[in-house]
Amino acid sequence: MELFPGLVVLVALMVSVEGGVGPSNNSSFCSESKECLEYELVCKTDEYEVRHYSPTRWVSTDAEAYFMGVGAAMAFRRLFQYITGDNNRGLQMEMTAPVLVRIPEETRMWEPAIYTLSFLLPAAYQERPPTPTNDKLYFTEMPSMDVYVRSYGGWMLSVTSRLHAHLLTKELVRVQADYNHTYHYGVGYDSPLKLLNRHNEVWYVAEGEAVCSDPQEPTPPHTPTPTHTPNATPNATHTPNTSHTPNATHIPSSTIADSPSDLPANRPPTPSQAPEVTPSQGPVVGESPSANSSDPQVDGPWNNTVEASLEDTPSDNSVADPTDLNLA
């Protein structure tokens, strides 16, 4: 009877461990592997989401390198050899997702860092996985945890991983969230052969209760009341201009004043006005089409031509009496 409680604990542990690995059809972005790490979505904001993960078992290895990409490549080769038969039972296991890279926060450019790469063990081998033949491989027990997650596309490179880690920590500091500051995880879901629609993530392990709301979120902005009482329309600002006819703005004032139709019937034009008569003021018989009203020598030939024209056409009502024009 004393063994019964221990058996219950063992069964519960096996269920909890295997409960973190499930078929890939449960996830929209974990599609290349048959099995993926399952999680429970706690909350989601515009900048990150909070997930809860159950305890799981991983196979891991460390690599020392100046850049995360170089270290991950070396570690990936060892882990891939393990799942393809480099173990004590010669078993070949299916590749799972995601692949985790534990990245230390405090790194210096002139010193190499230790990067830890981990493969998720399939559900069938979560409890009793085969022993690696390479002594650089070991098993990692991931505890139950809440993590802050930021997703991004493209390739999980050193620069992009650091960039999105910085953006996530900036937001976590702003919302006053507590998290582990010593490391974070770079998380990849796709094989190197996949070129489009790639999915990567950055994880920070939450400490204490996860923050799902913004404590500094301002109240909705107040919409000010319009200060102009009339209802302004787009055409209202152009109303003063529409009161003038379109042609009025293009006719010079001197042209309007010199038009014969604007002169009084009984007032003859002065001599200074006579040279400014243009062909537009009415047809004049015998007038040269090239006559220019601005020609300074219009007193001689132009006057003689007009006089001759007046003598030849005395009945033309459109031409005034030569004595009235003061051209003689």
Side-chain angles (χ1 to χ4, degrees), residues 16-17 19-21 27-30 36-58 60-65 67-69 71-72 75 97-109 111-120 138-189 198-218:
S16 64
V17 170
V21 183
S27 175
S28 60
F29 47 82
C30 184
C36 299
L37 181 65
E38 294 184 330
Y39 64 89
E40 177 186 355
L41 181 62
V42 178
C43 66
K44 185 175 182 179
T45 69
D46 294 337
E47 298 295 331
Y48 64 87
E49 59 185 51
V50 179
R51 300 175 186 171
H52 176 76
Y53 287 97
S54 302
T56 48
R57 181 171 290 148
W58 305 65
S60 307
T61 186
D62 300 329
E64 184 178 19
F67 299 100
M68 183 267 293
V99 174
L100 298 186
V101 183
R102 177 168 168 160
I103 304 171
E105 287 293 296
E106 299 296 332
T107 58
R108 299 177 181 178
M109 295 188 63
E111 293 181 357
I114 303 298
Y115 299 95
T116 302
L117 195 72
S118 299
F119 279 9
L120 176 66
Y138 57 92
F139 297 114
T140 301
E141 305 289 339
M142 283 286 190
S144 176
M145 59 183 180
D146 293 335
V147 296
Y148 296 103
V149 181
R150 178 182 175 89
S151 302
Y152 64 96
W155 299 86
M156 190 175 66
L157 305 176
S158 299
V159 176
T160 56
S161 179
R162 288 289 182 183
L163 171 62
H164 289 280
H166 169 73
L167 295 176
L168 179 55
T169 56
K170 182 179 179 181
E171 180 66 14
L172 295 179
V173 170
R174 192 185 71 84
V175 299
Q176 303 176 8
D178 294 330
Y179 61 95
N180 192 315
H181 292 257
T182 60
Y183 66 91
H184 68 274
Y185 288 105
V187 186
Y189 286 84
R198 299 181 62 85
H199 184 87
N200 309 292
E201 296 172 350
V202 174
W203 291 1
Y204 277 94
V205 179
E207 293 184 347
E209 185 177 358
V211 177
C212 295
S213 61
D214 189 354
Q216 300 179 1
E217 185 177 1

Do the side chains of Met156 and Val99 get nearer than 4.5 Å, heavy atoms only?
no

Looking at OG1 of Thr116 and CG of Asp62, how far apart are the two atoms once the value is rounded to the nearest 0.5 Å?
4.0 Å

Show the nearest heavy-atom pair for residues Leu117 and Ala72, with the distance to one decimal.
CD2-O, 3.6 Å

Can you confirm whether more than 12 heavy atoms, excluding those of Glu209, are under 6.0 Å from its CD atom?
no

At what distance, to the nearest 0.5 angstrom, does CE of Met68 lie from OH of Tyr115?
7.5 Å

Whether the side chain of Tyr148 engages the backbone of Val211 through a donor-acceptor N/O pair (distance < 3.5 Å, no angle test) should be reported.
yes

Interatomic distance, OG@Ser118 vs OH@Tyr138, rounded to 0.5 Å, equals 6.5 Å

Can you confirm whether Phe67 is buried at CZ, in the sense that more than 12 heavy atoms of other residues, nucleotides or ligands lie under 6.0 Å from that atom?
no

Taken to the nearest 0.5 Å, the spacing of Arg150 CZ from Leu163 CG works out to 7.5 Å

Side-chain (Asn180) to main-chain (Glu207) donor-acceptor, under 3.5 angstrom:
no

Heavy-atom nearest pair, Val175 first then Ser213, reads CB-O, 4.5 Å

How long is the span from the CD atom in Glu105 to the CD1 atom in Ile103, to the nearest 0.5 Å?
8.5 Å

Any idea how Tyr39 and Phe29 line up, ring-wise: parallel (<30°), tilted (30 to 60°), or perpendicular (>60°)?
parallel

Is Thr169 reaching over with its side chain to a backbone N or O of Ala165, donor-acceptor style, under 3.5 angstrom?
yes

Tyr185 and Val205, any side-chain heavy atoms less than 4.5 Å apart
yes

Under a 4.5 Å cut-off applied to non-hydrogen side-chain atoms, are Leu37 and Pro98 in contact?
yes

Just verifying a value: how many Å separate Ser60 OG and Glu141 CD, rounded to the nearest 0.5 Å?
9.5 Å

Going by heavy atoms in the side chains, are Leu167 and Tyr152 under 4.5 Å from each other?
no

Report the C-alpha separation of Tyr53 and Arg51 in whole Å, then their side-chain angles, then the decisive distance to 0.1 Å, and conclude whether the side chain to side chain donor-acceptor pair (under 3.5 Å) test is met.
CA-CA 6 Å; Tyr53 287 97; Arg51 300 175 186 171; 3.0 Å; yes

Check whether Thr140 reaches the backbone of Trp58 with its side chain - one donor and one acceptor, N or O, closer than 3.5 Å.
no

Side chain to side chain, Glu106 and His181, heavy atoms closer than 4.5 Å
no

Considering all heavy atoms of both residues, which atom of Val50 and which atom of Ala210 are nearest to each other, and what is their separation?
CG1-CB, 3.6 Å

Going by heavy atoms in the side chains, are Ser28 and His199 under 4.5 Å from each other?
no

With under 30° as parallel and over 60° as perpendicular, where do the rings of Tyr204 and Tyr179 fit, or are they tilted in between?
perpendicular

Applying side-chain contact (heavy atoms from CB on, under 4.5 Å), run through Leu100 and Met142 and close with a yes or a no.
CA-CA 11 Å; Leu100 298 186; Met142 283 286 190; 3.5 Å; yes

If I compare all heavy atoms of Thr160 with all of Leu157, which pair ends up nearest, and what's the gap?
OG1-N, 2.9 Å

So which atom in Gly71 and which in Ala65 form the shortest heavy-atom distance, rounded to 0.1 Å?
N-CB, 3.5 Å

Which heavy-atom pair separates Pro112 from Glu64 by the least distance, and what is that distance?
CG-OE2, 3.4 Å

Counting C-beta onward and ignoring hydrogens, is there a side-chain heavy-atom pair between Tyr48 and Val202 closer than 4.5 Å?
no

